[in-house]
Amino acid sequence: MRVAVVSDEPHAVHAEIIGLLEARGCEVVPFGALKTGGDVEWAPAAEEAALAVSSGSCDEGVFLCWTGTGVSIAANKVAGIRAALCADPETAAGARIWNHANVICLSNRTLSADLAEQILTTWFDTAPGDKGAAGVALLEGVESRHRR
């Protein structure tokens, strides 16, 4: 599985996240600060990574910024992206089950290595299920009514 990983600024926890993903057999595709090594603007960095997920060149995404909110907002502007801001494992599981989320957004500010492991383990161990299919279909209707 190819996973787009993006942040607008470098943080120590990113090495832990990359290690977790690689240990799961994922190929990490870096974007933003993970690619440049320095600070970048959050909106275009999230957009570039989201396009990689929506095009199919990456299967899923792990997006980070100071709060996780900015990259979530930017990613959700890209068609086909269902980005979920998750601060705990339970929210990550719910985002997969009910929303069929394909991008998880995390906060650089609050994320420790232990919490990252808990959240990402839950995220990758929880498959989108039938429970959320009806809601996702309704969401697709909302998207179609608001395409530009």
query = What pair of heavy atoms forms the shortest contact from A95 to A84, and how long is it?
reply = CB-CB, 3.5 Å

inquiry  = For S57, give me all partners under side-chain hydrogen bond (donor to acceptor under 3.5 Å, both in side chains), at least two apart in sequence or on another chain.
reply    = S55

ask   = Donor-acceptor pair, N102 side chain versus G80 backbone, under 3.5 Å?
value = yes

key: Residue list, ring pair (Phe, Tyr, Trp, His ring centres under 6.0 Å) with H14, at least two apart or on another chain   = H11

request  = Compare all side-chain heavy atoms of V136 with those of R82 and state whether any distance is below 4.5 angstrom.
outcome  = yes

query = Atom SG of C58 and atom CD of E27: how far apart are they, to the nearest 0.5 Å?
reply = 7.5 Å

task = Identify, with sequence neighbours excluded, every residue that meets side-chain hydrogen bond (donor to acceptor under 3.5 Å, both in side chains) alongside R24.
result = D125

query = Do D39 side-chain atoms and E9 backbone N/O form a donor-acceptor pair below 3.5 Å?
reply = no

remark   = Taken to the nearest 0.5 Å, the spacing of R96 CZ from K131 NZ works out to 15.0 Å

task = Examine V71 and V40 and state if one hydrophobic cluster contains both, with Ile, Leu, Val, Met, Phe, Trp and Tyr joined whenever side-chain heavy atoms are less than 4.5 Å apart.
result = no

ask   = Within a reach of under 6.0 Å around CD of E41, are more than 12 heavy atoms found that belong to other residues, nucleotides or ligands?
value = no

query = Is there a donor-acceptor pair under 3.5 Å between the side chain of S107 and the backbone N or O of W66?
reply = yes

query = Counting distance only, does the side-chain N/O of R2 pair as donor-acceptor with the main-chain N or O of V29 below 3.5 Å?
reply = no

ask   = Do you reckon F63 sits in the same ILVMFWY cluster as I73, going by side-chain contacts under 4.5 Å, direct or chained?
value = no

key: Connected hydrophobic set around L20, excluding itself, where side chains approach under 4.5 Å   = M1, V3, V5, V13, I17, I18, L21, V28, L34, V62, L64, I104, L106, L111, L115, I119, L120, W123, F124

ask   = Heavy-atom distance under 4.5 Å between the side chains of E47 and K77, does that happen here?
value = no

note = Separation between CG (N108) and CH2 (W42), nearest 0.5 Å, reads 14.0 Å

remark   = Across all chains, not counting sequence neighbours, the side-chain hydrogen bond (donor to acceptor under 3.5 Å, both in side chains) partners of D88 are T91

task = Looking only at non-hydrogen atoms, find the nearest pair between H100 and A133 and report the distance.
result = NE2-N, 3.7 Å

task = Grab the two heavy atoms, one from A83 and one from N76, that are nearest each other, plus how far apart they are.
result = N-OD1, 2.9 Å

message = Test your reading of the model: is there a side-chain donor-acceptor pair from T121 to the backbone of Q118, 3.5 Å cut-off?
response = no

note = Residue set satisfying side-chain hydrogen bond (donor to acceptor under 3.5 Å, both in side chains) with S72, at least two apart, ordered chain then number -> none

key: Nearest heavy atoms of A79 and S54, plus distance in Å   = O-CB, 3.3 Å

